[in-house]
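Data block below; observations after.
Here is the naming used below: chain letters follow the sequence lines, and residue numbers restart at 1 for every chain.
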Amino acid sequence: MAITNNDIAAIFNRVADLLELSGGNEFRVRAYRGAAMSVASFSQSLADIIISGQEIPKLAGIGKDLEGKIGEIVKTGKLAQLKELESQVPTELIELTHLPGLGAKRVRLIYDKLGVKTIDALEKAARSEKIRAIRGLGEKTEKNILAEIEKRKGLQQNVRLIDAIKAAAPLVEYLKAVNGVTQVTVAGSYRRRKETVRDVDILVTCSKAKTVMDAFAAYPLVKQILAKGLKKTTVVLASGLQVDVRAVSESSYGAALVYFTGSKEHNVAIRKIGVRKKIKLNEYGVFRGKRRIAGKTEEDVYATVDLPWIEPELREDRGEIDAATSGNLPSIIELSDIQGDLHAHTTATDGRSTLEEMIEAAISRGYKYLAITEHTQHVTVAKGLEPKAMRKRLAEIEKAGQKYKEITILKGAEIDILGDGSLDLPEEILEELDIRVCAVHYKFNLTKEEQTSRILKAMENPWCQILAHATGRQINIRSGYEVDLPAIFRAAAQHGVALECNAQPARLDLNDLNLRAAKEAGAKFVISTDSHHTSELEFMQYGVWQARRGWLEKRDVLNSQSLKVLLSSLRKAPQAALSHK
DNA sequence: GCCGTTTTCGGCCCGACTGTTTTCAGTCG
């Protein structure tokens, strides 16, 4: 299997980890980490480019040396330099640096003094009070190490955005009620709408920061206070979610919001522009010498580095700064652009709302159209319909649809892609459908090659209009099946199969980078909720957020168009459908 | 190791908090 960009990035990150542990130059370490970021977020396969004999495009943070190393990795599958480092530094130490509070310097120090290489050995050393004996460390650090090891045992992973939103809402209300507070804004990866967040960062503007810090620390759901200062407090809530609150004055709001929204890489990039222009950006404002030249709004702050305001979802240092500089920022899609939903189930299969309830919920959202897409027979766990029952259901959908003037109800199906790549409905029923959504629901364990050729075969089928669940993942539950996504994206562009950006907050089958790569490959999209209840139609927002992170614009998303344009943009169903029967 | 409106060397984003030591290093975001 060819080397992926992620493989290259992983090697560079490992080099950075080991260089850092061996006490290497910190800027050199940073260069490897930056290169890893750059490679991982590049949308085309570097291996493909090199193997086909083309020039590697100029990537930020990659110079002659690292370009050569990318070539070495692609050609040999490994990097000699990494092997060398691995023979010099115990690789187990990398794991230790992942403990909060322990960085490369302390891990190295503990290793040099005590020979500690593993978490178990570290725990033993801490329990026998050997850590505190090391000069530079102490009793507190030793206790913190033990606490972190304990915490690891009940590992807290990143939480899904939807869960962070639910946890943050009451806390935001609580903080708004604190005396002197004027604004409460959730920033961080939450504001950038990442699919999962590590913690929740809340920015508060107020007259007296100390009052806010005290009130926050006293919030009833706080389980543990990790740090508490005059301007910044970090706690863990009873749910395990970490929350940071940062207080600034009203006049610093914009600068603080930019700083606190991140990403870190985006901030570093704009501060570097600042350095070139001899101005300093921090969370309090923008400064030329001692003089403060901006800070109240985000627009003001960006203007000082000659940039327009940038949508939070784009702030990942993945090309948005160049795009902003050259006036080429994408005009990313908005929730209000969405005109209908193209993937929904009802009580006829595994949904929990009736057909009429779903239609009325879609109307109340102002939709122009809604596709009802019941499962087909192979998906027995979801009570998938066998052809006869499907035909009956389609008649019911048509009849119900006629009762409503304000919306068009499309007869659809979520057609199972069978193990051999064929579709789980006979042609005479495929022909009756207005819209055909195809997806894999079983045999997740095929090899990457097998899974890819199975799905490609389905996409070559002229009836396949939309590919749903391109990865089958469930966030924090399962990673999805092995599949060659770039090949799927190319096929989508070639055959005119729209890719579904699944909006279920626990699914979001295609991630931000996938969406962007697919767009660059020339694919079109639909954003669909895959609703099983009227309340899930609201999940459209999560799909739109993910699409925005993938740089999708209105014109890329077919269900942001009128019904007429949507139907004419979907792949044409075969005319003489049954001719080769 | 990268990079250049201080351009082939000498910089490399910036500040808060903790714990340690007593002025600062380490870690984090």
Side-chain angles (χ1 to χ4, degrees), chain A residues 12 15-16 19-20 23-39 58-70 79 81 96-110 131-145 147-148 187-190 192 197-203 209 213 225-235 242-248 252 255-256 258-287 301 305-306 315 317 321:
Chain A
F12 283 167
V15 169
L19 271 177
E20 199 174 15
N25 178 305
E26 67 171 295
F27 298 106
R28 195 168 162 225
V29 171
R30 205 183 290 177
Y32 276 95
R33 292 205 203 289
M37 274 268 306
S38 205
V39 168
K58 178 74 200 96
L59 295 179
I62 295 184
K64 244 195 158 94
D65 183 86
L66 287 175
E67 190 180 312
K69 282 172 180 164
I70 291 172
L79 185 65
Q81 179 199 16
L96 293 186
T97 65
H98 296 158
L99 268 188
L102 279 191
K105 295 248 169 59
R106 284 179 180 164
V107 165
R108 185 71 207 209
L109 178 65
I110 295 170
I131 303 289
R132 67 180 68 179
I134 300 173
R135 184 176 170 80
L137 304 178
E139 193 180 338
K140 224 33 185 291
T141 304
E142 186 175 271
K143 283 186 172 153
N144 285 343
I145 287 171
E148 288 299 340
S189 50
Y190 177 112
R192 303 198 312 280
V197 302
R198 200 189 62 79
D199 59 9
V200 170
D201 303 304
I202 301 179
L203 177 65
M213 294 299 116
I225 297 171
L226 296 180
K228 182 165 180 286
L230 287 173
K231 298 169 174 176
K232 180 181 162 182
T233 295
T234 302
V235 309
Q242 184 173 317
V243 182
D244 284 10
V245 168
R246 186 75 182 260
V248 297
S252 295
V258 170
Y259 164 79
F260 224 19
T261 297
S263 67
K264 186 186 167 194
E265 291 77 15
H266 176 89
N267 287 349
V268 168
I270 60 175
R271 283 175 181 176
K272 278 183 185 168
I273 300 176
V275 171
R276 281 211 298 277
K277 297 175 70 71
K278 294 183 179 166
I279 55 180
K280 183 176 74 171
L281 283 81
N282 61 27
E283 55 266 59
Y284 302 110
V286 183
F287 301 86
V301 172
V305 283
D306 298 330
R315 300 183 195 174
D317 194 24
I321 291 173

- Give one of base, sugar-phosphate or nothing for K278(A), where a contact means two heavy atoms less than 4.0 Å apart. base

- Item | Salt bridge present between E20(A) and R33(A) (N-O < 4.0 angstrom) | yes

- Query: Considering only the P atoms, how many Å lie between dC28(B) and dT23(B), rounded to the nearest integer?
  - Reply: 26 Å

- Message: Within the 4.0 Å heavy-atom criterion, would you say I279(A) contacts the bases, only the backbone, or no part of the nucleic acid?
- Response: nothing

- Separation between the C1' atoms of dC3(B) and dT8(B), rounded to whole Å: 10 Å

- Expressed in whole Å, how much space separates the C1' atoms belonging to dT5(B) and dG1(B)? 23 Å

- Message: Hydrogens and angles aside, do K264(A) and Y259(A) bring a side-chain donor and acceptor to less than 3.5 Å of each other?
- Response: no

- Query: Which is true for K277(A) with a 4.0 Å heavy-atom rule: it touches a base, it touches only sugar-phosphate, or it touches nothing?
  - Reply: nothing

- Kindly say whether E283(A) contributes a backbone atom to a donor-acceptor pair with the side chain of R246(A) at under 3.5 angstrom? no

- Whole-Å C1' distance, dT6(B) and dG11(B): 10 Å

- Atom P, compared across dT21(B) and dG26(B): separation rounded to whole Å: 13 Å

- Message: Counting the atoms with a prime plus P, OP1 and OP2 as sugar-phosphate, which does V275(A) contact under 4.0 Å by heavy atoms, base, sugar-phosphate, or nothing?
- Response: sugar-phosphate

- Counterpart base for dG4(B), defined by Watson-Crick or G-U wobble contacts under 3.5 Å: dC9(B)

- Query: Reckon E26(A) touches a base, only the sugar-phosphate, or nothing at all at heavy-atom distances under 4.0 Å?
  - Reply: nothing

- Query: At under 4.0 Å between heavy atoms, what does R28(A) touch on the DNA or RNA strands: base, sugar-phosphate, or nothing?
  - Reply: base

- Message: Are R192(A) and S263(A) packed together at the side-chain level, in the sense that at least one heavy-atom pair is separated by less than 4.5 angstrom?
- Response: yes

- Task: Please work out if I270(A) contacts a base, only the sugar-phosphate, or nothing of the nucleic acid, heavy-atom cut-off 4.0 Å.
- Result: nothing

- Message: I need the minimum non-hydrogen distance between A35(A) and I62(A), along with the two atoms involved.
- Response: CB-CG1, 4.0 Å

- Query: At under 4.0 Å between heavy atoms, what does K264(A) touch on the DNA or RNA strands: base, sugar-phosphate, or nothing?
  - Reply: base

- Determine the contact category for D201(A): base if any of its heavy atoms lies under 4.0 Å from a base atom, sugar-phosphate if only primed atoms, P, OP1 or OP2 are that close, otherwise nothing. nothing

- Note on the structure: The single option from V235(A), L226(A), D201(A) that satisfies side-chain contact (heavy atoms from CB on, under 4.5 Å) with V243(A) is V235(A)

- By nearest-nucleotide position on DNA chain B, the 5'-leaning member of Y32(A) and N267(A) is Y32(A)

- Is a side-chain N or O of S38(A) found less than 3.5 angstrom from the main chain of A60(A), in a donor-acceptor match? yes

- Identify the 5'-most and 3'-most nucleotides of DNA chain B with at least one atom closer than 4.0 Å to a non-hydrogen atom of chain A. dG1(B) to dG29(B)

- When you match D199(A) and A227(A) each to their closest nucleotide on DNA chain B, which lands nearer the 5' end? A227(A)

- Item | Distance between P atoms of dG10(B) and dC17(B) (Å, rounded) | 37 Å

- Message: Work out how far the P atom of dC13(B) is from that of dT20(B), and round it to whole angstrom.
- Response: 29 Å

- Task: Give a yes or no answer on whether the side chain of S252(A) reaches the backbone of A255(A) with a donor-acceptor pair at less than 3.5 Å.
- Result: no

